[in-house]
Amino acid sequence: MLLRMSTLFLRTLREDPADAEVPSHKLLVRGGFVRRAAPGVYTWLPLGKLVLDNIADLVREEMNGIGGQEVLLPALLPREYYEASNRWTEYGDTVFRLQDRKGADYMLGPTHEELFTLLVKGEFTSYKDFPVVLYQIQEKFRDEARPRAGILRGREFHMKDAYSFDIDDAGLQRSYDLHRGAYVRIFDRLGLKYVIVSAMSGSMGGSASEEFLAETEYGEDTFVRSTGSDYAANVEAVRTPAPPHLPVEGLPEAVVHHTPDTPTIQTLVDFLNGAALGREFTAADTLKNVLVKTRRPGEAAWEILGIGLPGDREVDMKRLEAAVYPAEVALLDEADFAAHPYLVKGYVGPNALLANKLRYLVDPRIVEGTVWTTGADQHDHHVVDLVCGRDFTPDGTIEAAEVREGDPSPDGTGTLYTARGIEIGHIFQLGRKFTDTFGLDALGPDGKPKRVTMGSYGIGVSRLVAAVVEQSHDDKGIVWPRSVAPADVHVVGTGKGEQIEVAVRLAEELAAQGVRVLVDDRKGVSPGVKFTDSELLGIPTTVVVGKKLAEGLVELRDRAGGGHSEIALDATVATVAALVKDA
RNA sequence: CGGGGAGUAGCGCAGCUUGGUUAGCGCGCAUGCUUUGGGAGCAUGAGGCCGCGGGUUCGAAUCCCGCCUCCCCGACCA
């Protein structure tokens with residue numbers, strides 16, 4: 001491959017585009033890799049297309065390596081498939097919808113589980129046909145409420161999605177493990193720094209699920225890590241370690257106090273500390289009871305749920321939603337309070353809930369023998385020294401409290417801190433959600449039909465381009481890892497003599513050796529401009545044919561390390577070809 | 001959907017408060033000469049529906065009304 005900058009469809013920009021915030025967005029636009037076409041929609045220019053293809057090829061290699069077979073499904077999808085799984089409706093505003101001339105509904109595929117399931121159903125019918133892994137690298141369309149960060153979160157993007165089909169759960173586990181291994185190899189080859197966190201499977205249903213997050217300052221996903229180990233998890237997946245139970249004997253009796261105008265934790269703590277009770281109270285000594293209602297899918301009635309947590313912590317709605325999934329959850333409104341007069345807003349205690357047979361779940365830190373100040377179920381009253389396990393017994397625990405920096409790590413190794421990342425891959429055991437919907441069975445050896453089970457495995461291919469740049473750039477530009485760089489070598493000819501002719505000849509010889517070469521053969525462009533462009537474009541190795549040419553020397557530069565050395569012109573092709581092949 | 005900001009040449013911006021001849025600057029682009037190891041110099045050019053519609057005025061990029069779009073933060077996000 002030989003690209004000549006004199007004719008390449010490329011224009012680099014000296015200034016950052018006004019709409020870019022994150023480094024990958026700025027650099028990909030400035031370097032002429034992409035251009036914005038519409039909000040969240042980008043055109044891939046020649047250099048960007050090369051990078052995108054390199055990543056896709058690398059993903060392909062590893063997918064083929066675990067027996068995956070590539071197909072390409074349409075992006076334009078008829079409504080009927082998605083009606084069957086109810087996702088025509090469920091997807092809501094996120095999906096791009098359109099109609100043909102006859103008025104028939106279509107959508108631009110946001111994901112393809114339905115099509116893959118039906119594809120397999122149409123072809124394979126025997127247990128002997130399984131397992132099978134199909135994948136595609138396809139454009140996906142999602143009408144995001146707010147596309148952002150350039151390539152990182154667009155409305156049209158490239159994704160590799162793979163699906164495994166197995167006869168039984170053990171097979172699914174094997175398929176899952178194979179994909180996990182392939183993903184590790186893919187992201188390692190891309191040189192990415194990433195973590196694997198356990199994830200909730202969310203609206204996709206299913207059980208085992210892990211996300212691959214590339215760590216970056218500008219990632220939109222928050223996760224937690226431990227100071228003491230490699231532990232990493234989604235905030236939703238953090239299990240709070242329960243402290244040991246404490247003896248109840250000898251603890252003081254619970255006493256109800258008149259606490260006027262103390263509907264919030266802060267007003268309560270202030271009041272208590274002014275009440276001469278002989279000790280200091282903090283928010284952490286109080287038990288906050290938050291009332292929500294939940295509703296199981298398909299049911300009309302809401303059920304009230306009381307959640308008890310230490311008063312210094314807020315409810316994390318995402319954690320709460322994950323904890324009650326698949327039920328939906330909402331806060332109580334005024335009408336709910338009116339309908340349940342024993343719930344005294346601002347003064348709710350455990351006992352009114354328990355006495356009225358409402359479910360009451362508490363944070364795992366609230367164990368037997370812990371002492372709390374909490375609502376006394378009457379206006380302007382709180383109870384002090386209410387002991388868990390003696391004065392009230394919750395129905396169980398729930399992970400709904402916010403996770404904070406400094407909390408103990410669930411694996412017992414250290415404390416948690418938060419980090420940010422970009423979701424680059426997601427694998428999960430989908431199970432039989434879609435095979436049930438479409439009745440995908442395989443005939444077993446006993447002649448009876450057996451329901452197939454699925455795994456689903458995604459990689460954001462175009463997003464990876466941005467993720468790599470986020471992790472691999474400096475103040476001068478991009479630093480492509482060799483595995484995805486648009487070229488192996490950038491040959492820069494600079495000077496007023498025969499340097500450019502020599503540079504082109506060198507480039508041609510390298511290309512003949514199978515090296516991918518970009519040559520800067522532009523005439524009348526000053527060296528400074530060429531060097532600056534070279535650094536912005538970020539090709540791993542640069543060969544400068546310049547002022548030392550008279551002595552038979554060229555300069556070899558390493559973009560990542562910044563090192564440079566002079567080598568003989570005659571030895572350049574062999575040296576560079578070896579460098580590229582060893583990498 | 002809530003909050004903030006912005007629409008003026010391919011890109012980045014000024015001009016608007018206080019209306020006034022031909023709308024300006026930098027980058028980029030074209031031509032010529034000079035220059036050639038760190039974003040060169042001089043000269044000459046091309047390039048504009050000042051987001052759209054209406055209004056005020058002798059006169060609107062500038063003032064008023066309405067609309068549209070985009071960007072950022074948040075909500076949302078297989």
Side-chain angles (χ1 to χ4, degrees), chain A residues 10-22 25-26 29-30 32 35-41 82 85 87 90-95 109-114 116 138 140-150 152-155 157 159-163 199-206 209 211 218-222 236 317-318 321 422-428 430 433-434 455-460 463 476-477 492-500 520 522-536 542 544-550 553-555 557 564 566:
Chain A
L10 171 73
R11 187 113 299 154
T12 56
L13 305 178
R14 201 172 283 200
E15 287 160 305
D16 284 333
D19 58 359
E21 287 291 312
V22 303
H25 190 188
K26 290 177 181 172
V29 172
R30 279 187 49 205
R35 287 289 182 264
R36 196 189 81 109
V41 180
Y82 288 78
S85 60
R87 292 210 290 185
E90 267 179 22
Y91 256 108
D93 292 335
T94 308
V95 69
T111 177
H112 283 80
E113 283 82 1
E114 285 83 353
F116 271 97
Q138 166 69 281
K140 306 287 183 185
F141 300 86
R142 292 183 198 169
D143 191 1
E144 297 286 350
R146 187 158 93 77
R148 70 185 90 186
L152 231 32
R153 179 165 213 78
R155 297 193 298 168
F157 54 96
M159 174 168 152
K160 187 281 302 180
D161 51 328
Y163 303 88
M200 289 293 163
S201 37
S203 65
M204 297 304 295
S209 170
E211 277 176 12
Y218 290 93
E220 54 184 0
D221 292 312
T222 310
E236 287 91 327
M317 283 310 285
K318 283 189 171 178
E321 283 167 14
I422 300 164
E423 185 185 344
I424 50 175
H426 193 171
I427 55 177
F428 59 97
L430 196 49
K433 174 173 167 143
F434 290 96
S456 167
Y457 318 91
I459 287 181
R463 175 178 282 186
K476 291 175 175 160
V492 175
T494 174
K496 56 184 171 180
E498 56 171 359
Q499 286 93 338
I500 288 178
D520 194 341
R522 293 176 294 178
K523 296 199 170 80
V525 176
S526 71
V529 171
K530 292 192 172 188
F531 294 148
T532 307
D533 274 345
S534 168
E535 282 149 351
L536 175 61
T542 301
V544 182
V545 182
K547 63 182 179 185
K548 291 286 183 72
L549 182 64
L553 296 174
V554 299
E555 185 180 331
R557 294 185 181 184
H564 53 92
E566 282 171 353

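The chains referred to below are lettered A, B, ... by the order of the sequence lines, with proteins before strands, and numbering in each begins at 1.
The phosphate of B:C71 has OP1 or OP2 within less than 4.0 Å of a side-chain N or O from A:Arg36.
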statement: For RNA chain B, the dot-bracket notation using Watson-Crick and G-U wobble pairs below 3.5 Å, [ ] for pseudoknot-type crossings and | for other-strand pairs, is (((((((..((((......[...)))).((((((.....)))))).....(((((..]....))))))))))))....

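Both A:Ile459 and A:Pro17 lie near RNA chain B, and the one whose nearest nucleotide falls closer to the 5' end is A:Pro17. Judged by closest nucleotide on RNA chain B, A:Ala20 is the one of A:Gly458 and A:Ala20 placed further toward the 5' end.
Between A:His112 and A:Phe116, the two ring planes are perpendicular [angle over 60°; tilted spans 30° to 60°].
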task: Quick one, give me the B/S/- string for nucleotides 27-37 of chain B, reading 5' to 3', where B means a protein heavy atom under 4.0 Å from the base and S means that only happens at the primed atoms, P, OP1 or OP2.
output: SSS------BB

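Across B:C72 and B:U17, the matching P atoms stand 30 Å from one another, rounded to whole Å. Distance check on atom C1': B:U8 versus B:A14 gives 10 Å, rounded to whole Å. Between B:C77 and B:G47, the distance separating the two C1' atoms is 42 Å to the nearest Å.
A:Asp16 comes within contact range of the sugar-phosphate backbone alone, with a heavy-atom separation under 4.0 Å but no base atom that close.
A:Lys547 places no side-chain N or O within donor-acceptor distance of the main-chain N or O of A:Gly495, the cut-off being under 3.5 Å.
In this structure, the nucleotide among B:C70, B:G39, B:C11 sitting nearest to the side chain of A:Pro39 is B:C70.
Under a cut-off of 6.0 angstrom, the local environment of CD in A:Glu498 is sparse, with at most 12 non-hydrogen atoms contributed by other residues, nucleotides or ligands.
With rounding to whole Å, A:Asp19 atom CG is found 19 Å from B:G5 atom P.
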